[in-house]
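Quick notes on the structure that follows.
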Amino acid sequence: MKGPFSAPGDYIYFKSQVPLHKIPIGTKQWRYYDFGPKVVSPLICIPGTAGTADVYYKQIMSLSMKGYRVISVDIPRVWNHHEWIQAFEKFLDAIDVHHIHLYGTSLGGFLAQLFAQHRPRRVRSLILSNSFLDTCSFSAAMPWAPVVSWTPSFLLKRYVLTGIRDGPHEPFIADSVDFVVSQVETLSREDLASRLTLTVDAASVGPLLLSDSFITIMDTNDYCAIPQQLKDQLGERYPEARRAYLKTGGDFPFLSRPDEVNLHLQLHLRRVGVEARPDLIQGISRGGSGASPSEENDKGEDPDDPPKDDGEVTKDPSADSQLHPAPESSESHSLDDQLLSNARVCHFVNENMLVPFLPHLWEILFLYLLPLNLAALYITLSYSWKFRQVA
C-alpha cells in the first residue's frame with residue numbers, strides 16, 4: 001500500500017490469514033480473495049470505481065466464519081460492458097464456479113445487473129448497494145470522457161476522489177474514507193481509466209429474468225456519491241425487492257457499518273436458500289488458523305505459516321482452489337470487537353486526514369517555496385550589484 005497510511009489492525013490480520021490470488025485469463029489479470037467452504041455457492045463482491053478486492057475484507061472475515069464462501073474481486077481492465085460480461089464469465093469458468101450470488105456497490109452493482117441480464121442462468125440472486133440502472137447522467141457530467149484513456153494518473157485519481165464527500169465525518173466513516181483513499185493510490189492509470197470508461201460508456205440495464213424476490217436493495221440514508229434520483233429509479237425497477245436501509249454509513253457502509261451490512265447479507269443468503277456450512281470451519285485453532293481435519297491433511301504447507309510474497313498467490317486457472325483457514329480472533333460481526341478495533345484507529349484520524357494531500361506535497365512545496373527562492377535570489381543579486389558599485 002502506498003503512502004504513510006496506517007492500516008487497521010483487523011486488516012493486517014486479514015492479510016496474514018487470507019491469500020491474495022492473481023490469475024491471468026487471456027489478456028486480463030484477475031486479482032481476488034476466495035475464503036470459506038468451497039461446497040457453498042459463493043457470494044461474489046464487486047467494488048465501485050474507487051474500490052478494490054480489499055475493501056470487502058470485513059465481509060470476508062465475518063461471513064466465512066459463519067460457513068459462507070465469499071469471493072471479492074477487482075474490476076479487471078476492460079473498456080466496455082460487453083467485454084466485462086465475457087471476462088467475468090471466463091473468470092468464473094477458471095475458478096470452477098457456476099452458480100453465484102452477486103453483491104455490488106455503485107459501479108459494481110451496475111456491472112452485476114448487466115451480468116445477470118446477459119447470463120441469467122449463472123446468477124441466483126443480487127444485492128445492490130447505492131447502485132444505478134444506466135450511465136447517462138455520468139456521461140453528461142464528464143464531457144472529457146473521450147480522452148480519459150490519455151489522462152494522467154494524478155488527474156484521474158483526483159477526479160475519483162472528488163466524488164467522495166468532504167467535510168467532517170464521524171470516526172467510523174472517516175476511517176472508511178481513509179481506507180478507500182489508500183486503495184485508490186494503489187490503482188494504476190489504466191485501471192482508473194478503464195473504470196471511468198465503464199461508468200460513462202452508454203449502457204443501461206434491461207429486464208432481468210431474475211425474480212424481484214431474489215434481489216435485495218441496500219442503501220444508506222445519509223449521503224453517497226450516487227444521486228438519490230438514480231437510487232429511486234433502481235427501486236422502481238424492482239418494486240418487490242427486499243429493502244435494507246442503513247440510517248448512516250456514507251459511501252462505504254461495508255467498511256463503516258460492517259455489522260449491519262453483514263447481517264443483511266446473511267439474511268439475504270438465507271432467504272434465497274444458501275445453506276451455510278459452519279461444520280467445515282469448526283477445527284479452528286486459537287491461534288487464528290485451522291480447517292477441517294481432512295483438508296489439513298491434504299495441504300502441503302503448514303497452515304500456521306504466513307502467506308508468502310505478501311499474501312499473494314499466483315494461481316493456475318485449472319487448479320482446484322483449497323479451503324483457506326478461517327480466523328476466529330477477528331470476527332468482524334462482533335460489535336464489541338469492532339468498537340475496540342475502531343477505537344484504536346480513531347486516535348490516528350487527524351493524522352490520516354493528511355493522506356489525500358501527500359501525493360501532491362511536491363506541488364504545494366513548489367508553489368510556496370518558489371516565490372521565496374526568487375525573492376532570496378533577487379535580494380542577493382541586488383546587494384551584489386550595490387557592492388560592485390561601491391567597490
Side-chain angles (χ1 to χ4, degrees), residues 1 18-35 38 42-57 60 69-123 126 131 135 145 148-151 153 156-157 160 183-203 205 309-322:
M1 192 176 298
V18 184
L20 172 64
H21 299 278
K22 291 183 177 181
I23 59 173
I25 303 176
T27 60
K28 304 294 182 290
Q29 180 80 9
W30 283 87
R31 178 181 179 276
Y32 70 100
Y33 296 98
D34 186 354
F35 202 71
K38 298 299 178 285
L43 173 69
I44 300 184
C45 306
I46 307 175
T49 306
T52 64
D54 298 66
V55 299
Y56 296 109
Y57 77 92
I60 296 174
R69 181 184 181 185
V70 184
I71 300 174
S72 179
V73 302
D74 269 5
I75 299 176
R77 203 173 295 169
V78 294
W79 300 94
N80 58 68
H81 301 104
H82 180 68
E83 189 180 5
W84 151 254
I85 295 168
Q86 290 185 328
F88 191 52
E89 185 172 33
K90 290 179 181 178
F91 168 73
L92 297 179
D93 292 337
I95 63 174
D96 195 25
V97 170
H98 303 285
H99 300 139
I100 59 174
H101 305 267
L102 293 176
Y103 168 41
T105 58
S106 188
L107 174 63
F110 177 69
L111 296 178
Q113 294 175 83
L114 287 179
F115 189 78
Q117 175 187 348
H118 293 278
R119 300 293 186 271
R121 294 183 179 181
R122 306 196 76 154
V123 180
L126 290 173
S131 193
T135 60
V148 67
S149 58
W150 297 291
T151 306
S153 177
L156 293 177
K157 290 179 180 179
V160 170
Q183 292 299 303
V184 171
E185 293 299 327
T186 68
L187 297 175
S188 67
R189 185 185 70 83
E190 291 78 11
D191 291 331
L192 290 168
S194 66
R195 295 182 184 196
L196 289 174
T197 300
L198 290 176
T199 304
V200 299
D201 187 33
V205 178
D309 194 17
D310 193 26
E312 296 182 0
V313 176
T314 302
K315 179 182 175 184
D316 183 357
S318 62
D320 189 16
S321 56
Q322 299 295 322

Side-chain heavy-atom pair [X], [Y] within 4.5 angstrom cut-off:
{"X": "Ile44", "Y": "Leu92", "result": "yes"}
{"X": "Ile46", "Y": "Trp84", "result": "yes"}
{"X": "Arg77", "Y": "Ser188", "result": "yes"}
{"X": "His82", "Y": "His118", "result": "no"}
{"X": "Ser149", "Y": "Thr197", "result": "no"}
{"X": "Val97", "Y": "Arg69", "result": "yes"}
{"X": "Ile85", "Y": "Phe115", "result": "yes"}
{"X": "Val200", "Y": "Thr135", "result": "no"}

So, the side chain of [X] versus the backbone of [Y]: is there a donor-acceptor pair under 3.5 Å, distance only?
{"X": "His81", "Y": "Leu198", "answer": "yes"}
{"X": "Ser131", "Y": "Ser106", "answer": "yes"}
{"X": "Trp30", "Y": "Phe91", "answer": "no"}
{"X": "Asp34", "Y": "Ile71", "answer": "no"}

Test side chain to side chain contact (heavy atoms under 4.5 Å, CB included) applied to Leu156 and Leu187, step by step: CA-CA 10 Å; Leu156 293 177; Leu187 297 175; over 6 Å; no
Assess whether a salt bridge exists between Arg31 and Asp54, defined as any Lys/Arg side-chain N lying under 4.0 Å from an Asp/Glu carboxylate O. yes
Could you tell me whether Asp93 and Arg122 make a salt bridge, using a distance below 4.0 angstrom between a side-chain N and a carboxylate O? yes
Applying side chain to side chain donor-acceptor pair (under 3.5 Å), name anything that partners Arg119, two or more places apart in sequence or on another chain. Glu89
Closest approach of Val123 to Ala116 (non-hydrogen atoms, all atoms of both residues):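 Closest pair (atom of Val123, atom of Ala116, distance): CG2-CA, 3.7 Å.
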